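Here's the structure, in structure tokens; my notes come after.
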2 protein chains.
Amino acid sequence: MLNNYNTEDKVLLAVDCIIFGFDQEDLKILLIKRDFEPEKGKWSLIGGFLKMTETLDDAANRILNHLTGFDKIYMEQLYNFSKIDRDPVERTLSVAYFALINIEDHDEKLIEQYSAKWFSIEEAPSLIFDHNQMVQKAILRLRRRAISKPIGFELLPEKFTMRQLQKLYESILDEKLDKRNFINKVNGLDILVKLEEKDMTSSRKGSYLYQFDKEKYDRNVEDGITFKI
Amino acid sequence: MLNNYNTEDKVLLAVDCIIFGFDQEDLKILLIKRDFEPEKGKWSLIGGFLKMTETLDDAANRILNHLTGFDKIYMEQLYNFSKIDRDPVERTLSVAYFALINIEDHDEKLIEQYSAKWFSIEEAPSLIFDHNQMVQKAILRLRRRAISKPIGFELLPEKFTMRQLQKLYESILDEKLDKRNFINKVNGLDILVKLEEKDMTSSRKGSYLYQFDKEKYDRNVEDGITFKI
DNA sequence: AAAATAAGTGTTATTATTACATTTCCAAAT
DNA sequence: ATTTGGAAATGTAATAATAACACTTATTTT
């Protein structure tokens with residue numbers, strides 16, 4: 001006889017996404033203004049409900065794809081939030097995902113369509129439900145990631161300057177880093193290719209552009225080499 | 001108008017617990033032999049279903065309490081497993097929790113009653129569903145925990161020898177450690193109290209017993225001081 | 001030609017980690 | 001009483017990683 005689980009409770013399962021981006025200055029998150037009740041008009045993470053035919057990763061991908069148009073976004077499951085009254089309408093648990101995207105490639109039209117907006121972490125408005133808590137947790141996770149793998153790939157444009165990479169790390173870790181030590185460390189990892197090309201927008205002298213060497217980068221990640229800056 | 005979520009799918013949500021213990025030699029996990037279908041007679045993690053009135057932590061506590069009799073078990077949410085067919089009976093997601101308990105205090109009767117058994121990690125049988133995967137993930141998490149906080153508190157008896165503490169770390173990290181370096185490092189953390197008392201079971205000379213200094217230990221954990229051995 | 005501005009570059013000091021071998025203590029055996 | 005066996009206890013030197021630190025270069029604008 002199969003146990004048919006008939007007597008067990010079923011619940012709604014939401015998936016909410018913390019989307020990080022980097023605009024060469026600040027670490028940002030993408031938020032939307034809710035156009036439905038409850039909490040209409042307030043800012044929130046983007047989210048949706050898990051469907052019967054999806055895994056959680058599927059659901060997170062679907063939701064991310066809607067808002068960004070991208071398909072292969074870096075994404076990790078973060079945590080299950082389950083306070084009884086976290087959603088006033090009905091018992092709903094939410095699995096938070098965090099994602100990293102390159103702001104520059106991002107489709108402006110989709111953003112408009114969803115009344116979405118990038119906020120730098122410090123200036124982000126207060127969010128609905130337990131979304132603030134989710135963001136806090138995501139920032140901590142992102143920090144851990146940043147020192148366990150070189151996450152720049154996901155957040156920077158294809159070509160970038162050392163300064164940009166350093167700024168990215170400074171905004172993730174929320175601390176100033178020493179320029180020389182940073183460069184030495186990064187070069188030691190042997191995951192960047194220095195290009196001939198220079199970026200002339202930031203100074204008269206211009207600064208060399210770099211690219212990630214995808215192969216070495218991946219090997220580096222696999223080996224679990226740390227990127228402690 | 002409130003959005004009432006009526007059209008959204010609801011799912012069963014299980015909670016499965018990976019319970020770690022340490023018996024002075026090996027790191028172990030507690031498994032039960034299923035006495036119901038599906039997979040009756042096979043080994044599995046202990047688990048249960050989330051009830052409408054509980055948070056996930058509540059559910060994990062309830063399940064842990066049933067099997068161990070303990071109330072304040074160290075416990076962390078691990079990951080939500082959501083493959084479509086992970087449970088052959090019905091679409092069920094499972095939130096895995098990992099827990100640490102001191103084998104010695106553990107109630108033998110409860111173990112018997114549930115046909116539970118401690119297995120050392122290497123000798124554990126293959127488990128039902130995706131439980132092997134859960135255990136793997138739990139081990140990795142435990143390793144990370146072991147180097148970010150001194151987890152001994154949860155897994156060792158109140159009084160223990162340096163050797164035991166070292167053995168514990170060796171079995172968690174799955175590598176041999178140097179005795180002198182280990183002791184120097186641990187002493188440097190200033191979280192242990194050396195007692196007058198000796199443990200005479202392991203040698204003629206006997207070895208000093210230690211206790212954790214709960215206050216310093218907690219401060220240490222709060223400060224996020226690493227316990228990288 | 002001078003000024004302004006960010007880019008680029010190495011060395012030393014400090015700290016943390018690793019490697020490593022001998023002596024001490026005690027009980028049991030003789 | 002003496003010897004023996006076995007684990008416990010102990011410190012130092014070598015190496016590696018991290019942190020601190022300031023001047024020169026290249027280029028455009030004035």
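Per chain, numbering begins at 1; letters A, B, ... match sequence-line order. Just so you know, these numbers come straight off a predicted model, no measurement behind them.
By the side-chain hydrogen bond (donor to acceptor under 3.5 Å, both in side chains) test, A:T55 pairs with A:D58, sequence neighbours left out. For the side-chain hydrogen bond (donor to acceptor under 3.5 Å, both in side chains) test, residues two or more places apart in sequence or in another chain that qualify with B:S94 are B:D16. Residues passing the side-chain contact (heavy atoms from CB on, under 4.5 Å) test with A:F153, sequence neighbours excluded: A:F212, A:K214, A:Y217.
Few gaps surround NZ on B:K185; more than 12 heavy atoms of other groups in view lie less than 6.0 Å from it.
When only modelled atom types and interatomic distance are considered, A:Y97 and A:D57 share a side-chain donor-acceptor pair under 3.5 Å.
The C1' atoms of five pairs define one axis at each end of the helix from C:dA1-D:dT30 to C:dT30-D:dA1, and these two axes lie 10° apart (to 10°).
Here D:dA8 presents its C1' atom at 16 Å from CG of B:L195, a figure rounded to the nearest Å. Between A:L177 atom CG and D:dA19 atom P there is a gap of 10 Å when expressed in whole angstrom units. Rounding to whole angstrom units, CD of residue B:E175 and P of C:dA19 are separated by 11 Å.
The existence of a salt bridge linking A:D190 and A:K216 is confirmed by a sub-4.0 Å separation between a basic side-chain nitrogen and an acidic carboxylate oxygen. Under a 4.0 Å N-O distance rule, the pair B:D130/B:K83 does not qualify as a salt bridge.
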(request) Between protein and nucleotides 5-13 of chain C, map the contacts as a letter string: B base, S sugar-phosphate only, - none, heavy atoms under 4.0 Å, written 5' to 3'. (result) -BBBBB---
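For residues 203-212 of chain A, the side-chain hydrogen bond (donor to acceptor under 3.5 Å, both in side chains) pairs, not counting sequence neighbours, are A:E158-A:Q211.
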